[in-house]
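Taking it in order: structure first as structure tokens, then the write-up.
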Amino acid sequence: MKRYSALTVLAEGLSGQKGWQPAFRTPDPRAGYDIVIIGGGGHGLSAAYHLAEKHGLSRVAVLEKGWIGGGNTGRNTTVVRADYYHPESARMYDLSVRMYEGLSRELNYNIMYSGRGMLELIHNEHQMELMARMVNAMRLNGIGVELIGRDEVLAMEPLLERGENVRWPIHGAMYQPKAGVARHDAVAWGYARAADALGVDIIQECEVTGLVVSGGRIRGVQTTRGIIGAERVGMAVAGHSSVLAAMAGFDLPIQSYTLQAMVSEPLKPCLRTVVASLFIGVYVSQSDKGELVMGGGLDRCPSYAQRGNLPMTRSVLEGLTALFPSFSTLKLMRQWGGIVDVSPDSSPIIGPTPLDGLFINCGWGTGGFKAIPVGGLLFAHTLATGGHSEMSAPFDLGRFSSHRLIDEAAGAGIAH
């Protein structure tokens, strides 16, 4: 990897960055590929990288209708955690956290991962009982979480409201030391750069407008840049999964919602961890630039909008300022929304579809970013082999007809 001096970086900035080499190629599409992945977000790029790196498949194309990092991968709050309830989910998300820890080294690209830990706040004795149940289940599944008391929480985050006769007093927290944050667009660029170096074609501004089907099997895709043939096609398009499934002639049990977030003006370092309250519906961390990155639960109005709205903004800020009164004078800098696809059991769908040769990776809800490394790994295995790995098998689409759900909304209370 080429290194640049500080003076070189300064000179490039002043000259309009005309001397930088592109991180990855911008090729024209070929007539055909072994595998075409629709969606140039984190999961699609991760899958392409693993197809080339682990399965030796380089005749792979990633098709992105916009630009790399312009979808959900660049429209989230970058939290990486593994506090899930069911064994199937726990081992998958735990592996993803461990993959994130070594991802900069693997990709030779700094994704700015920070394993700073996460506090899931508890506000009364009843919530402590519920959280104890969750912590015990997670620990049985091998997840490193613990219950800590009020004094420990306030020692870690001294800006939290310390009063006991307030609406949301601090009673304790579930603490996950290995949780953290990563730079969202750096994750996309890192995977794109690594996949490109292994021969994968990453084709931007190439929207899929239809599917080429013959003999009951998919043979390629119709795009705004012509027909592209493929032996197998993978869909990793998050909130637009149901749209592409409709092109293939089947329905998916998912609904698309907007997940909103916002950032404040920058501050000096004041938060050590990611702080969240499931019971209030708010979470916050501090970026490397000093901004507070804030979010909350889903706006349960089905939508494809990539923007925020005032009711959700008010809900998040009310919760945040109740927890951190000193933040009440801060100014908001910007807000945004990402389109997430939520399944009935708040768990992902990975594997084959009713159309032969077409595979899907969707339904991650609000857990998509934290699962990019493992989601791409599992999807690559399915695309390369046509079947499941042991880890992905429970998340097959067929679980909805066999009633073998992995209900994380009820189990862990996740705000999907």
Side-chain angles (χ1 to χ4, degrees), residues 75-79 81 83 118-128 130-131 134 150 153-154 156-175 179 181 257-287 289-303 305-340 342 346 365-367 369 409 412-416:
R75 291 176 170 270
N76 60 80
T77 48
T78 75
V79 178
R81 56 181 171 82
D83 50 344
M118 180 172 177
L119 292 168
E120 183 71 62
L121 298 176
I122 302 165
H123 304 288
N124 56 50
E125 195 63 40
H126 304 293
Q127 293 173 8
M128 180 66 86
L130 175 62
M131 198 67 80
M134 292 167 59
R150 166 187 166 84
V153 174
L154 295 177
M156 294 175 70
E157 297 294 353
L159 291 182
L160 280 165
E161 169 60 65
R162 307 180 78 86
E164 298 187 39
N165 296 316
V166 294
R167 185 174 184 185
W168 299 107
I170 304 303
H171 194 79
M174 176 175 71
Y175 178 49
V181 295
Y257 300 102
T258 301
L259 181 66
Q260 301 171 40
M262 59 208 77
V263 297
S264 75
E265 61 185 305
L267 306 170
K268 292 182 178 179
C270 61
L271 288 180
R272 289 179 54 191
T273 64
V274 180
V275 179
S277 173
L278 167 69
F279 305 100
I280 300 177
V282 66
Y283 53 92
V284 61
S285 64
Q286 189 168 22
S287 75
K289 293 191 294 183
E291 301 167 330
L292 298 182
V293 184
M294 301 162 274
L298 289 174
D299 183 348
R300 286 288 179 173
C301 177
S303 173
Q306 289 185 314
R307 60 182 182 272
N309 63 41
L310 289 177
M312 185 55 66
T313 301
R314 177 177 177 176
S315 174
V316 170
L317 295 182
E318 281 181 343
L320 181 73
T321 54
L323 294 175
F324 295 94
S326 58
F327 292 166
S328 61
T329 61
L330 296 178
K331 296 178 181 178
L332 283 183
M333 298 292 288
R334 60 190 180 277
Q335 63 182 145
W336 64 88
I339 308 167
V340 299
V342 182
S346 295
T366 63
F369 179 78
I414 293 168
H416 293 323

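Residue numbers start at 1 and run along the sequence shown.
Remark: the backbone N or O of L317 is paired with a side-chain donor or acceptor of T321 at under 3.5 angstrom. A donor-acceptor pair under 3.5 Å is formed between the side chain of H123 and the backbone N or O of P169. A distance-only check finds no donor-acceptor pair linking the side chain of R307 to the backbone of W336 [under 3.5 Å]. Here the side chain of Q335 pairs no donor or acceptor atom with the backbone of A261 at under 3.5 angstrom. The backbone N or O of N309 sits less than 3.5 Å from a side-chain atom of Q260, completing a donor-acceptor pair.
R162 has its side chain out of reach of I170: every pair of non-hydrogen atoms, C-beta onward, lies at least 4.5 Å apart. In this structure the side chain of L332 reaches within 4.5 angstrom of the side chain of T313, judged on heavy atoms. Between C270 and F324, the closest side-chain pair of non-hydrogen atoms is not below 4.5 Å.
Looking at H171 and E125, their side chains do bring a donor and an acceptor atom within 3.5 Å of each other. T77 and Y283 form a side-chain donor-acceptor contact under 3.5 Å, judged by distance and modelled atom types alone. For the residue pair Q306 / T258, no side-chain donor-acceptor distance below 3.5 Å is found, with atom types taken as modelled. With 3.5 Å as the limit, one finds no donor-acceptor pair spanning the side chains of S277 and E120.
Rounding to the nearest 0.5 Å gives a distance of 7.0 Å between CD1 of I280 and CG of L121. Considering OG of S303 and CG of L298, their distance stands at 11.5 Å, rounded to 0.5 Å. Considering CE of M294 and CD of Q286, their distance stands at 11.0 Å, rounded to 0.5 Å. Rounding to the nearest 0.5 angstrom, the gap separating the CG atom in L292 from the CG atom in L320 is 7.0 Å. Of the inter-residue distances, the one linking L160 atom CG with S326 atom OG reads 9.0 Å to the nearest 0.5 angstrom.
The side chain to side chain contact (heavy atoms under 4.5 Å, CB included) test with V284 singles out one residue from V263, L271, L323, T273, and that residue is L271. Test M174, R272, M156 against L119 for side chain to side chain contact (heavy atoms under 4.5 Å, CB included) and you get one pass: M156.
Nearest approach of S287 to V293, heavy atoms of both residues: CB-CG2, 4.1 Å. Nearest heavy-atom pair across G172 and M128 is CA-CE, 4.3 Å. Here the closest non-hydrogen pair linking Q127 and F279 is OE1-CD1, 3.2 Å. Minimum heavy-atom separation, V153 to A173: CG2-CB, 3.5 Å. Between E161 and G163 the shortest heavy-atom distance is OE2-N, 2.7 Å. Looking at every heavy atom in both residues, A305 comes nearest to I339 through O-CG1, 4.0 Å.
Taking a cutoff of 4.0 Å between a charged side-chain nitrogen and a carboxylate oxygen, E291 and R334 qualify as a salt bridge.
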Using the rule given for side chain to side chain contact (heavy atoms under 4.5 Å, CB included), can you reason through D299 versus Y257, listing the C-alpha separation, both sets of side-chain angles and the distance that settles it, and then say yes or no? CA-CA 7 Å; D299 183 348; Y257 300 102; over 6 Å; no
